[in-house]
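Worksheet: one structure, shown below.
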Amino acid sequence: MKKVFVLGSTGSIGINCLRVIDNLKDDFEIAGLTINSNTELLLEQIKKYKPKVIVVRDEKAARNISGKIPKGSELLVGENGLIKAAQESEYDIFMGAMVGFAGLAPTIEAVKRGKRIALANKETLVVAGEIVTKLVLENSAEIIPVDSEHSAIYQCLIGENLNEVEKLILTGSGGPFRDKDKSFFETATVDEALNHPNWKMGSKITIDSATMMNKGLEVIEAHWLFGLPAEKIDVVIHPQSIIHSMVQFVDGSIKAQLGLPDMKLPIQYALTFPERVQNNLERTNLPSIGSLTFFEPDMNKFECLKLAFNALNEGGTAPCILNAANEVAVNKFLNKEIKFSHIPLLINKALDKVETNFLNDLESIFECDRETREYVLTLT
Ligand code: NAD
Ligand code: MG
């Protein structure tokens, strides 16, 4: 039996992870569940999966359920609770399904223990890729990507030599505003931006898909996962989201991984790798899909994608500034404090204002994240 610790169990990836494990009951069990504040769903999950450790980050939410925790489960609270659970509880696989920079610290603890990290939380690699990948090597940990593009590339690279890769081709649907003019971004509403054509996801990543910052973050994530420079990472718009990404080799051959847009498949792969296990997920019916189309992304329209490439090329703490500014800007947009078109403006201002440093240690990343957030909070 493999024990799985789910960081962020009430989110879109967390819920899908539990569904995958429902189908793999003989081999996997839940060791820990952590959430921010959705205690109603958490209580249902606790009843069903009986985890040894539970963490609720929001202290008020934790107080509300402290009397309802069954014997045999321990409730920890706050950010310290997340760290302590990652450091001390018993598990084999750490499912990083929390959203945002806040996922970094607990993920680091799992890496230090040499665990398998099934990583959905791309922000962890965006802000601290250099440090995290070094710690993975030092501690014999492993990261199996859950992000569908990176899972696709990981699968295409099995049996291949990284030196023979010419480039990675990340596909992206183009999001809900793929066919809109840039002028539309002045009036785009929160509901319109949350209406993704192909994927059902949490609100932060859905807005990131509408700005295409999601693809930008994924370029940086791919850089750290596969050790290739920005020039060897291409982005191609593929509206059907059937090809999840591709690898082109030095002989010109391209390998692709295909499937329906359903995160349960990359989640299952990250849990069972190197094995593949039978499931009842819907199969891809190519004739019914009919055609797969591709085109170049418009970097002038989707400025966030360009900003992410720039930050990767600049290096050091630039991706951390990009990420922190984006998290604050997306929050402001979701709270209707700024227009959709202001998201890249705020990020650009932060990249200008906050000084980029070398990535010395984790403390410099936390400091950079704090400083950037403080600054962007003052902007409109
Ligand atoms: P979500 O918003 O649906 O869920 C986030 C989870 O994290 C929830 O359980 C929430 O309670 C918890 N959480 C949020 N903030 C927290 C905090 N400060 N402290 C503790 N817990 C906190 O997000 P999601 O869509 O499931 O995405 C999770 C991660 O996976 C993101 O990094 C996202 O980019 C990545 N990802 C998601 C998808 C997808 O299909 N949803 C696909 C690829 C990658
Ligand atoms: Mg993705």
Side-chain angles (χ1 to χ4, degrees), residues 5-20 32-42 45 54-59 61-62 76-83 85-86 95-107 117-127 145-154 168 170-175 194 196 198-209 211-222 225 235 238 241 243-245 257 259-267 269-270 323 326-327 330-331 334 369 373:
F5 181 98
V6 186
L7 188 80
S9 66
T10 52
S12 156
I13 294 285
I15 291 169
N16 273 314
C17 174
L18 296 179
R19 289 199 188 124
V20 166
L33 295 175
T34 88
I35 68 154
N36 186 30
S37 60
N38 182 353
T39 48
E40 201 178 319
L41 178 55
L42 175 69
Q45 295 178 344
I54 299 152
V55 188
V56 178
R57 204 221 37 131
D58 185 274
E59 301 195 4
L76 300 173
V77 181
E79 269 163 48
N80 290 338
L82 289 173
I83 306 268
M95 168 62 63
M98 213 171 117
V99 58
F101 180 86
L104 172 64
T107 306
I117 319 293
L119 189 65
N121 178 240
K122 61 192 86 188
E123 294 89 347
T124 285
L125 283 178
V126 169
V127 301
V146 167
D147 213 347
S148 56
E149 296 76 6
H150 307 76
S151 176
I153 292 169
Y154 196 90
L168 306 178
L170 290 179
T171 54
S173 68
L194 284 175
H196 196 282
N198 302 356
W199 296 95
K200 285 197 179 61
M201 310 179 285
S203 55
K204 191 262 179 182
I205 182 175
T206 306
I207 301 302
D208 284 350
S209 300
T211 61
M212 284 201 74
M213 177 57 92
N214 184 47
K215 214 45 58 185
L217 299 177
E218 290 181 353
V219 168
I220 304 175
E221 181 185 12
L225 280 171
V235 172
H238 167 45
S241 298
I243 294 189
H244 295 309
S245 276
Q257 186 264 341
L260 295 173
D262 182 344
M263 292 306 294
K264 290 197 267 319
L265 184 51
I267 290 168
Y269 187 79
N323 179 71
N326 181 55
E327 286 190 26
V330 168
N331 233 339
L334 285 169
D369 177 77
R373 278 169 203 271

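Numbering of ligands and ligand atoms starts at 1, following listing order. The structure presented is a predicted model; accordingly, all values stated were derived computationally and were not measured. The basis for the numbers below is simple: all heavy atoms, side chains too, and nothing from hydrogens, waters or symmetry mates. Just so you know, residue 1 is the first one in the sequence shown, and it goes up from there.
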Using 30° and 60° as the class limits, which term best fits the ring planes of His244 and Trp199: parallel, tilted or perpendicular?
-> tilted

May I ask you to decide if Ser9's main-chain N or O and Gln45's side chain share a donor-acceptor pair within less than 3.5 Å?
-> yes

May I ask you to test the Ile153-Leu170 pair for a side-chain heavy-atom distance under 4.5 Å?
-> yes

Between ligand 1 and the protein, find all N/O pairs closer than 3.5 Å and give the distance for each.
residue, atom, partner, partner atom, Å
ligand 1, 3 (O), Ser12, N, 2.9
ligand 1, 9 (O), Gly8, O, 3.3
ligand 1, 9 (O), Thr10, N, 3.1
ligand 1, 9 (O), Thr10, OG1, 2.8
ligand 1, 9 (O), Gly11, N, 3.0
ligand 1, 11 (O), Thr10, OG1, 3.3
ligand 1, 11 (O), Asn36, N, 2.9
ligand 1, 25 (O), Gly202, N, 2.8
ligand 1, 26 (O), Ser12, N, 3.1
ligand 1, 26 (O), Ile13, N, 2.9
ligand 1, 30 (O), Ala120, O, 3.4
ligand 1, 32 (O), Glu123, OE1, 2.7
ligand 1, 41 (N), Ser12, OG, 3.1

Side chain to side chain donor-acceptor pair (under 3.5 Å) partners of Asp262, counting only residues at least two apart | Lys264

Taken in chain and number order and not counting sequence neighbours, the residues that satisfy salt bridge (charged side-chain N to carboxylate O under 4.0 Å, His left out) with Glu79 are Arg57

Charged N to carboxylate O below 4.0 Å: is that the case for Lys204 and Glu123?
-> yes

Opening angle at the Mg ion (ligand 2) [OE1, Glu149; OD1, Asp147; to 10 degrees] | 100°

Who are the ring pair (Phe, Tyr, Trp, His ring centres under 6.0 Å) partners of Phe101, not counting sequence neighbours?
-> Phe366

Could you tell me which N, O or S atom of Glu218 is nearest to the Mg ion (ligand 2)?
-> OE2

